[in-house]
Each structure stands twice: as C-alpha cells, then as structure tokens.
Peer 1: 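I'd like to ask you about the structure that follows.
Here the structure is a predicted model, which means the values were calculated and not measured. Excluded from the calculations below are hydrogen atoms, water molecules and symmetry mates; all remaining heavy atoms, backbone and side chain alike, are included.
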Amino acid sequence: MSNVKPRFTILVVDDEPVNVELLEAYLHSEHEVITAFNGFEALESARNKKPDLILLDIMMPDINGFEVCKILKSSKDTAHIPIIMVTALSNRDDRARAIEVGTDDFLSKPVDRLSLKTRVNSLLRLKALQDEILRERDQAQNYLDVAGVMFLVLDNEKHVKLINKKGCEILGYSEDEVVGKNWVDHFIPVYLRDEVNKLHSDLIISPPLANNLVENPCLTSQGTEKIIRWNNVAIRDTAGNVIGTLSSGEDITDAKKAESLINIQKIAMDAATDGLSILNEKREFVYTNEAHARMYGYDSPSELLGKTWDIVYDPVDLEIFRTQYLPELLKKGKWTGESKGRKKDGTLFFQEVSLTLLDNGGTVSIVRDITSRKEAENRLQEYARNLKRSNELKDLFIDIMSHDILNPAGVARGFTEILQSAETDQVKLHKLGIIEESISKILDTITSAANLARLESVEEIEFIDLDLNSMILEAIDAYKYEILAVGLKIEYKDTGPHYARANPMISGVITNLLANALKYGSKGGKILIRVHDSNDEWKVILTDFGDGISDADKPSVFQRFKRLNVGDIQGHGLGLAIVKRTVDLHGGRVGVEDNPDATGTQFWFTVKKSVGNPS
C-alpha cells in the first residue's frame, strides 16, 4: 500500500496579487495551486479545471465572492467543490449571507497559516470521502444503466427518486423529466391509478416476505402503453423503517402481443376444419388439433401424441409416399398431394395432404378429407362419359336427319312440285299444295334443328372484320319477294360501313330477325332497321309495327321450340334460339322490347366493333 500523500488542486481567488502570492506560498508544498484574480476568472477555472477546493475572496471589483459562490453551488458540475471564503469582513450579516449562498467555511484576513492548513485539510478529507461516495454512486448508476430492465425507486409518497437509463428508454423520457414526478399521477393510466396506489400502500404498510410480482401498463411519452412485469421490494433505513420502494421492471409488451397472437393462432388451429399436426424429427406427433383427431376416428388429440405417423397410414400407401413423394419434400421443403389415410378402425379415406419441413427437422402437416370430393369427381366423370355418349348419339341423329330424312323429303317436294305443274283439278291442286307446304316445313325444321345443334356444340369461333351494313342490305335483297308479297316497306337509311369483329354466321342473325319481323309485323306496313353506335360495339335494331309480344311471353321467345301462336302464322320456334346462341358465341347481347313509338316489337342484338375500324 502506498504512503504517498495525495496532492489536491486548490483554486485561490483574490483581486490582490500579494494575497494570492501569500496563500500560494502557504499551500504549494502540499498541493497544486491555481490562481484567479477576479470573479469571472474564478468561474471559468472552476468549470474547466475542477479544483478540489476553492479559497474565495469576497470583495472583488467585477462580481463579488457571494455571487461567485452562489453560481458555483447552483451548478450540478461544481456544487460538490468545497468553498472557503477568505474575508476581512466580520459583520454577522455578511457571514449569514455567505452561509446562505452555500459557503463551506470562513477564514479571516490576515490569514493564519495553521488555521488555513487545518481548515483546508479538513475540507479536503470530506471532499475525498464525498468523491468516493459519488464514485460508488456513479458506479452503481452505471450498473443500473447497463441493466436490461428498468430500475425505479419511489419514496413513500410515490415520487420518483431514481430511474435508470433502461427505464428512460422504455418511457421515452429523459431522467430529468421523470425524477421528482409522482409516478402514479404521471406514468400510470387513469383507469389503473387506484389499483396501483393500493399496491404501493400495501407494500409500504405490510412489506411481503418474498418478492412481489405484478404486471401493469405504464404510459410513454407518446401516450402509448407499455406492459411491465414488476418485481417490487420495500426499502428500509438503518432503523428498519420503510422509506420507499425499489422496483425492477421488464418490458413484456412485445411478449404479451406474441403470447396473444400465439393464443389466437392456437384457437384458430383448434377450431380449423382441416386437420393440423406437427411432428418432430422422429415423425412423432407433438401437436394435433381436434379436427385432425376426429378425421382419423380418434376421440382426442392426446391419443395421437407421441405416436409416429405410421399409425394413420396403410403400409402400402406409406411405402408409396417414402419412395415417390419424400424425395420432393426433402429437396423443396414442401409437398402437396393426395393419398389415403387410415382411421382408427382401419378404414381408409381419401385425403389431400400438405407437408412443410421445419428448421428443426420436424414437419407441419395439413390434412383435408376429400372423400366427398372424390365421389363427386367420380360422378362427374361418369356424367362426362354419359354426356359424351349423348353427344355422339345427337351427332348421329343429326347426320341421319341431314342425309336419311332431308334427302328423301327433298325428293318428295320435287315430285310434288312436278305434279302441281301438271295438275288442273283444283281439289287435287289444293291437296298437293298442303303436301308441298308440309314437306317445306319438315325441311325447314330439320335444317334449323341441325344448325342449332351444331351451334350448341361449338365453344369458340373465329372472327374477321365484316361490314354489318352490307349484310343488312343482302338480307333485305334476299327477302325482296316476300317483302313485296306482304306489301311491307323496309326503312333502312344507314349508309355504313359499320365494321364489326364477327364470324360470317352473324348474317344469319340479321336474316332470322328480318324473317321474324316479316311473319309477325306484316300488318304494320313497315319495318325499321337501324345500327346504333354504342361505344365499343354496334347495336342492330329491327322494329316492326305488328301486334307485338306480351310481357309474359318476352322471357321465353329465345328458347328452343317456344313459338308464338299469332293468328295463322306457323313456325318451328328455332329461329330465335339460333339468334341467341350465335350472339352468345360473339360475346354480345340480344333482347326484345315493345316498339317505343307504336304497337309492335323491337328486336336487337350487339356485336363488338372492329379494332381500328370503329365506324
């Protein structure tokens, strides 16, 4: 242990150089002496050089010693430096003022050497003890500041006496903003203050023998709440009296959120309709939800825990998985597919399985019972096979109609026309006319039915750019004799062109609608045809002035074999069905409405415009 006496630094302040020189002479053999000759120099030296003691003259020309002492004692950085006032003043009021501003001792001028050394050494010993206490305090504060939890000291009135750096970080305040504040009033939510006040009072009145653990939120500088788990103990003085509380607090806000999320996830997993299980690296069940247990015929998940997943698979299916599917799972970390599961009673069922490898070698398994889906798929496949056979029969029937019926009927109509041209008997001519009309109806019906059947078997068609205006004019020309026969006038004033992106079969829509208007609107005297520009599509409208169609009949006019019986007009009810199917294949719309200007009917359909040819 060293016997070398420590040398302290003493600041001597006096505006008289001779007084400074004298004090320096008394002290320099034992201490380091620094000097200042006015109040401002004294303040600067005290702040920058941090002396261990200050000898301070009172009477100075700029600012006196009272002011210097007051300034130094009011600063956190210099308040701990002992100050001895050296003065020739003997007035009691002056001494009282010196004590009031914080001086630690007095020396009267002229200064006695023995008195100087005695008082200086006494205060330096106290300063050394104080510095040691401060070092220990700072060291303790450093320990607290590096701790990963909040440390909080409250007095019996719940005022904050100490808080460490971690506590300030959690709250979002500086130490100065917390120390001295009432903890409950400033940092506890209003709804919890009564409860925390009671907890603190109980801790003061009846301190527990063991640690007191509680969880409650505190308020941050942002107004948010942080959940803290507190460990509270009472602080006692040397007489055993409780003088406050020491609390260590751990911020568990994130942990609580994670715990809540885990609980929600567990509830969701337990409530899921799909089977969910987790297996360890040995393929043993460590978790299964209720749905998983029920799916395999078990009453509780506990029946599966600790068992290997071999128990829920048939050996044959398990071997298929190991040889065919396991390599993909190990390579990609995931596998999804179908297999068969085995229930507790040994019965098998179809299942869809999704497997995901975990970092620890375990596996997450999600299982869905697809037995009902498999049965539905089998029924659908059977239906598809039956439908295919039905389509084949339909195609065969169409071929029969087209070749074995259509051709003989055409021959019969030809010979009927020959007989009509050679016959002069009016009765026989009438009967031959009925035969010819019936054969024409058969031919028309077979042709229309075959066309509709072919349209219904088509899913996609090819499109080219076509001019609707040309097709309308061609349809009018094709029916010119029928138009003249019934005495109708066709009003079509558009000059076009109206280019549409369509298939040539769209012309059949125009001719069918025109034929329909000739049948049902001939009494009206005229038919209006218009092409309306509807942004990216054309709307073709045919309006007649006949008897019209009732609202009850409108929804069914485009259905197959739904013919409207108006007077003596005959038809097979397929024309409008062909119209609708053709428009549907074009992605357009078709409809029927009342003539807005008079009696009669307005049929319309839409078709997309050609790209780059909008008009």
Side-chain angles (χ1 to χ4, degrees), residues 254-392 459:
D254 293 338
K256 279 291 185 181
K257 289 180 180 178
E259 180 182 332
S260 176
L261 181 59
I262 291 172
N263 289 335
I264 292 172
Q265 291 173 338
K266 187 176 184 304
I267 291 171
M269 289 190 297
D270 289 341
T273 56
D274 288 342
L276 176 64
S277 63
I278 300 175
L279 303 101
N280 61 18
E281 69 280 1
K282 299 177 182 179
R283 300 296 183 262
E284 296 170 336
F285 289 106
V286 295
Y287 169 82
T288 67
N289 66 350
E290 293 284 348
H292 189 274
R294 289 194 304 269
M295 192 177 298
Y296 290 94
Y298 292 89
D299 297 327
S300 169
S302 61
E303 294 185 70
L304 289 170
L305 296 181
K307 305 285 197 316
T308 62
W309 73 338
D310 297 21
I311 196 174
V312 295
Y313 289 98
D314 184 82
V316 174
D317 295 309
L318 193 61
E319 185 61 25
I320 292 173
F321 173 79
R322 285 172 175 163
T323 57
Q324 298 183 21
Y325 308 140
L326 184 59
E328 181 181 345
L329 174 63
L330 296 176
K331 180 180 179 181
K332 298 181 178 180
K334 291 184 178 181
W335 177 81
T336 300
E338 295 180 1
S339 66
K340 290 181 181 178
R342 183 176 64 184
K343 296 188 177 183
K344 185 178 180 181
D345 61 8
T347 58
L348 302 178
F349 67 97
F350 289 102
Q351 61 179 14
E352 185 179 72
V353 184
S354 177
L355 301 176
T356 303
L357 286 181
L358 300 175
D359 293 337
N360 62 4
T363 308
V364 175
S365 173
I366 300 175
V367 181
R368 177 174 295 174
D369 186 342
I370 59 172
T371 303
S372 298
R373 191 179 80 189
K374 279 292 184 182
E375 292 173 351
E377 287 177 358
N378 291 335
R379 290 194 297 270
L380 187 60
Q381 290 172 358
E382 180 63 23
Y383 174 77
R385 287 191 291 270
N386 292 335
L387 184 61
K388 182 179 180 182
R389 286 195 294 270
S390 297
N391 286 333
E392 290 171 351
E459 295 299 330

Peer 1: I need the Ser302 OG to Lys307 NZ distance, nearest 0.5 Å.
Peer 2: 8.5 Å
Peer 1: If you define the side chain from C-beta out and look only at heavy atoms, does anything of Lys334 sit under 4.5 Å from Thr356?
Peer 2: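 Lys334 vs Thr356: side chains touch.
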Peer 1: Short question: side chain of Asp274, backbone of Ile366 - any donor-acceptor pair under 3.5 Å?
Peer 2: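 Between the backbone of Ile366 and the side chain of Asp274 there is no qualifying donor-acceptor contact (under 3.5 Å).
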Peer 1: Which residue, Gln351, Lys374, Arg368, forms the side-chain hydrogen bond (donor to acceptor under 3.5 Å, both in side chains) with Glu338?
Peer 2: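 In the set Gln351, Lys374, Arg368, the residue that makes a side-chain hydrogen bond (donor to acceptor under 3.5 Å, both in side chains) with Glu338 is Lys374.
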Peer 1: Taking Glu303 for its side chain and Ser300 for its backbone only, find out whether a donor-acceptor pair lies under 3.5 Å.
Peer 2: yes
Peer 1: Take Arg342 and Val312, measure what side-chain contact (heavy atoms from CB on, under 4.5 Å) needs, and give me the verdict at the end.
Peer 2: CA-CA 5 Å; Arg342 183 176 64 184; Val312 295; 5.7 Å; no
Peer 1: As a quick check of understanding, evaluate side-chain contact (heavy atoms from CB on, under 4.5 Å) for Thr288 and Tyr296, giving each step before the final call.
Peer 2: CA-CA 11 Å; Thr288 67; Tyr296 290 94; over 6 Å; no
Peer 1: For the CZ atom on Phe349, are there more than 12 heavy atoms of other groups (residues, nucleotides or ligands in this structure) within a distance under 6.0 Å?
Peer 2: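 Enclosed.
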Peer 1: Looking at CG of Leu304 and OH of Tyr298, how far apart are the two atoms once the value is rounded to the nearest 0.5 Å?
Peer 2: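 Here the interatomic distance stands at 5.5 Å.
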Peer 1: At their closest point, which heavy atom of Ser339 faces which heavy atom of Tyr313, and how far apart are they?
Peer 2: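 Shortest heavy-atom separation between Ser339 and Tyr313 comes out as OG-CE2, 3.9 Å.
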Peer 1: Would you call Arg322 and Asp310 a salt bridge, using N to O less than 4.0 angstrom?
Peer 2: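 Yes, this pair counts.
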Peer 1: Considering all heavy atoms of both residues, which atom of Leu357 and which atom of Arg283 are nearest to each other, and what is their separation?
Peer 2: CD2-NH2, 4.3 Å
Peer 1: Does Trp335 reach the side chain of Val353, with side-chain heavy atoms less than 4.5 Å apart?
Peer 2: yes
Peer 1: Locate the shortest heavy-atom distance separating Tyr287 from Leu276; write the atom from each residue and the value.
Peer 2: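 Minimum heavy-atom separation between Tyr287 and Leu276: CE2-O, 4.0 Å.
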Peer 1: Measure from the side-chain N and O atoms of Thr347 to the backbone N and O of Lys343, and report whether any donor-acceptor pair falls under 3.5 Å.
Peer 2: no
Peer 1: Taking all heavy atoms of Gly362 and all of Asn360, pick out the closest pair and write down the distance.
Peer 2: N-OD1, 2.9 Å
